[in-house]
A.B. asks: 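Sharing a structure with you now.
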There are 2 protein chains.
Amino acid sequence: MKIGIYGYGNLGRGVECAVCHAADAELVGIFTRRDPSTVKPHGDVPVYAASELPSFRDKLDVLILCGGSATDLPEMTPMLAAEFNVVDSFDTHAAIPAHFAAVDKAATDSEHIALISAGWDPGLFSINRLYASAILPDGKDYTFWGRGVSQGHSDAIRRIEGVRDARQYTVPVPEALASVRGGEQPELTTRQKHTRECYVVAEDGADLARIEHEIKTMPNYFADYDTRVTFVTEEELLRDHTGMPHGGSVIRSGVTGWNAENRHVIEYSLKLDSNPEFTASVLVACARAVYRMRSRGIVGCKTIFDVAPADLSPLSPEELRARML
Amino acid sequence: MKIGIYGYGNLGRGVECAVCHAADAELVGIFTRRDPSTVKPHGDVPVYAASELPSFRDKLDVLILCGGSATDLPEMTPMLAAEFNVVDSFDTHAAIPAHFAAVDKAATDSEHIALISAGWDPGLFSINRLYASAILPDGKDYTFWGRGVSQGHSDAIRRIEGVRDARQYTVPVPEALASVRGGEQPELTTRQKHTRECYVVAEDGADLARIEHEIKTMPNYFADYDTRVTFVTEEELLRDHTGMPHGGSVIRSGVTGWNAENRHVIEYSLKLDSNPEFTASVLVACARAVYRMRSRGIVGCKTIFDVAPADLSPLSPEELRARML
């Protein structure tokens, strides 16, 4: 399958690497809205201006969209789904139905497939919520994130006056995790599920007490959590906090039996050294499914919920049954 | 959907309970090769002789087969797939390709769907092996079972002279689990992955040392493992070991990055109080998928690899996207 990448940030770089490691994929090019001469791919792959895309209509099987969910993808995915089979990682959970509707119209009218919201949450975590709830209808779902870096929370700290740089880790509360894993089905508040650890580089002479107070009282981002603020030097931040690890767990605790007497716990968990590279690996597997589904005549907007697992694997159905079932 | 159950052992009883808890399913009847008057269902459901099945051809959407993999299902599934849409839990991994071929012919010729090898392994563990390997092609898979009761190993002990009853637990080795979860990708022998705990009730006056020796040296079942034998009274066995708990973990440890520098660990784990009731819950979700796929004109033998996750859930695609994605 012939793959294009649209957008070359952290995610686009991860997709480049994942496509080059997929035996059944060929990377045709990287497309950018910047000046192509300023984009330096890791490998030997051409970079084109986004405006050149129309001439690639017959040269790409799937275009993987690596824009952001806030402003890029709501416009980008419907627009490009009118010309290409696409995969995106749209992750604003509440806006998924509206995004789906816009993309579905564009893809259906033009007879393409667009697979939206691929990645790990939404994505792998979502299918595990679905599988677990379909199997244990009498139960309760929990999603824990971390320990991992939240870009949004790190950015929020950086916008505070006197902050030069910052990194925020989301951390599940061990007691909450243990209770859920034990099948206790606790009711948990926001504060009881996660804590927030902040590593902050302040400007010289900044008022550290004020910065710490502004972080801990910031609505939506920190006010509802137990937050720990640690001031570090720029050297310490670069030395200890440049990675982009993440992960988490989806847990469903449920019961079966005529008297609900048997408890079951299903847990799916990820420990990721690189959030963007892992997300990129999911996007490439989804591109394979899009390519195969389109070759069977399927069109419209899809999510990972609509993808039979076999379509994600490079192995044949016979190999899968013999080796993995 | 109208469901029938074929066979009423532990698994059939679990299916009865799971169907009665599914809002979109109606249990039409239990079919047995025994004298129907000797079968006492938990609920208010008719029991029929298996020979009456032909008159139910238009009254059942899916027949769930609750026979054993050793001798029942290899004959039962192809035979019944010629008359009904069926789901089975065939779990002899090495024989799956042959079983698939036989069932596929019967189901395709008669225009039914037969979903084979549903449950948790094969089943949920299998799809997690598939998803994880499709996403992290450069990696290594591990499956650990337990702590849980193995019926096959318990039966093997019971066949030893002087043994009145026995229960065998398969237990993962904690150090092996920790190493795999840490992303170390160890090479593990059979002995390094699992230990076996046996609780044995001996006949009065039996030679306990001989029984223990026969267990520990039994080829295939115990000789390759570190095995612990504990003799207990019949009362202790009934008090402490009548449940059918099981579970385990599927773990894939893999790397991404141009220099394989980023490690990722994907883990799917189950802790089940009742192995048969949980397996039954998977079968009922699969019956829902079979019913929907058949209504779209799909026929032939399928596995869980061929089922889009959305087809397992009673929720609509819109509800799934809004609530679970």
Side-chain angles (χ1 to χ4, degrees), chain A residues 14 17-18 21-23 42 93 96-97 100 117 122 124 126-131 133-138 181 183 256-258 261-274 277-278 280-282 285 288 303-310 312-314 317-318 320-322 324-325, chain B residues 14 17-18 21-23 42 93 96-97 100 117 122 124 126-131 133-138 181 183 256-258 261-274 277-278 280-282 285 288 303-310 312-314 317-318 320-322 324-325:
Chain A
C17 186
H21 283 83
H42 184 281
H93 291 260
I96 285 173
F100 182 93
S117 301
L124 300 177
S126 316
I127 35 181
N128 277 284
R129 285 187 282 262
L130 193 168
Y131 278 124
S133 67
I135 290 157
L136 292 177
D138 187 354
R181 284 181 176 146
T256 62
W258 294 102
E261 67 272 28
N262 288 312
R263 291 203 290 199
H264 309 282
V265 178
I266 305 176
E267 175 166 357
Y268 181 79
S269 65
L270 298 172
K271 279 183 291 190
L272 314 174
D273 272 0
S274 167
E277 284 184 7
F278 187 81
S281 299
V282 178
R288 178 179 295 123
T303 75
I304 191 83
F305 292 162
D306 307 306
V307 176
L312 297 165
S313 172
E318 292 75 18
L320 288 174
R321 286 192 295 268
M324 294 204 183
L325 197 61
Chain B
C17 185
H21 284 84
H42 184 281
H93 291 260
I96 286 174
F100 182 93
S117 300
L124 300 176
S126 316
I127 36 182
N128 278 284
R129 286 187 282 262
L130 193 167
Y131 278 124
S133 67
I135 289 157
L136 293 177
D138 187 355
R181 284 180 176 146
T256 63
W258 296 103
E261 67 272 28
N262 288 313
R263 291 202 292 196
H264 309 281
V265 178
I266 304 175
E267 175 166 357
Y268 181 79
S269 65
L270 298 173
K271 279 183 290 190
L272 313 176
D273 271 0
S274 166
E277 284 184 8
F278 186 81
S281 299
V282 179
R288 180 179 293 122
T303 76
I304 192 82
F305 292 163
D306 306 306
V307 176
L312 297 166
S313 172
E318 293 75 18
L320 288 174
R321 287 192 295 268
M324 294 204 183
L325 197 62

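All values derive from a computational prediction rather than experimental measurement. Naming convention: chains lettered A, B, ... in sequence-line order (proteins, then strands); numbering from 1 in each chain.
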A.B. asks: Considering only heavy atoms, which portion of A:L124 lies under 4.5 Å from any heavy atom of chain B: side chain, backbone, both, or neither?
C.D. replies: side chain

A.B. asks: Heavy-atom distance under 4.5 Å to chain B: side chain of A:F100, backbone, both or neither?
C.D. replies: side chain

A.B. asks: Would you mind checking which part of A:I96 comes under 4.5 Å of any heavy atom in chain B, side chain (CB onward), backbone (N, CA, C, O), both or neither?
C.D. replies: side chain

A.B. asks: Does any heavy atom of chain B fall under 4.5 Å from the side chain of A:I127, the backbone, both, or neither of them?
C.D. replies: side chain

A.B. asks: Using 0.5 Å steps for rounding, measure from the CG atom of A:L136 to the CD atom of B:E277.
C.D. replies: 11.0 Å

A.B. asks: Taking all non-hydrogen atoms of both residues into account, name the closest pair between B:I135 and A:A285 and its distance.
C.D. replies: CG1-CB, 4.3 Å

A.B. asks: Give, as side chain, backbone, both or neither, the part of A:V307 having an atom under 4.5 angstrom from any heavy atom of chain B.
C.D. replies: backbone

A.B. asks: Is it the side chain or the backbone of B:Y268 that comes within 4.5 Å of chain A heavy atoms, both, or neither?
C.D. replies: both

A.B. asks: Find the one option among B:P137, B:P314, B:S274, B:S313 whose heavy-atom pairs under 4.5 Å with chain A are most numerous.
C.D. replies: B:S274

A.B. asks: Can you give me the closest heavy-atom contact between B:T256 and A:S281, atom names plus distance?
C.D. replies: CG2-OG, 3.7 Å

A.B. asks: Give, as side chain, backbone, both or neither, the part of B:T303 having an atom under 4.5 angstrom from any heavy atom of chain A.
C.D. replies: side chain

A.B. asks: Without swapping roles, check the side chain of A:K271 against the backbone of B:R181 for a donor-acceptor pair under 3.5 Å.
C.D. replies: yes

A.B. asks: Go through the atoms of A:N128 and report whether side chain, backbone, both or neither lie under 4.5 Å from a heavy atom of chain B.
C.D. replies: side chain

A.B. asks: Name the option with the most non-hydrogen atom pairs under 4.5 Å to chain A; the candidates are B:L270, B:V282, B:L130.
C.D. replies: B:L130

A.B. asks: Considering residues at least two apart in sequence or located in another chain, which fulfil the side-chain hydrogen bond (donor to acceptor under 3.5 Å, both in side chains) criterion with A:R321?
C.D. replies: none

A.B. asks: Identify the two heavy atoms, one from A:R288 and one from B:A134, that lie closest to each other, and give their separation to 0.1 Å.
C.D. replies: NH1-O, 4.2 Å

A.B. asks: The criterion is side-chain hydrogen bond (donor to acceptor under 3.5 Å, both in side chains); which residues satisfy it with B:E261, sequence neighbours excluded?
C.D. replies: none

A.B. asks: Taking every heavy-atom pair that is under 4.5 Å apart, which of A:G257, A:A322, A:P317 has the most such pairs with chain B?
C.D. replies: A:G257

A.B. asks: For residues B:L320 and A:F305, report the shortest heavy-atom separation together with the two atoms involved.
C.D. replies: O-CE1, 3.5 Å

A.B. asks: Could you look at B:I304 and say if it's the side chain, the backbone, both or neither that has a heavy atom under 4.5 Å from chain A?
C.D. replies: both

A.B. asks: Tell me the closest heavy-atom pair linking A:S126 and B:L325, and the distance in Å.
C.D. replies: OG-O, 2.5 Å

A.B. asks: Kindly assign one of parallel, tilted or perpendicular to the pair A:H42 and B:W258, based on the angle between their ring planes and the thresholds 30° and 60°.
C.D. replies: parallel

A.B. asks: If you tally heavy-atom pairs under 4.5 Å against chain A, which of B:G14, B:G183, B:P122 wins?
C.D. replies: B:P122

A.B. asks: Could you tell me which of B:A310, B:A22, B:S269 has the largest number of non-hydrogen atom pairs under 4.5 Å with chain A?
C.D. replies: B:S269

A.B. asks: Sort out for me which of B:N262, B:L312, B:D306 touches chain A most, counting heavy-atom pairs under 4.5 Å.
C.D. replies: B:N262

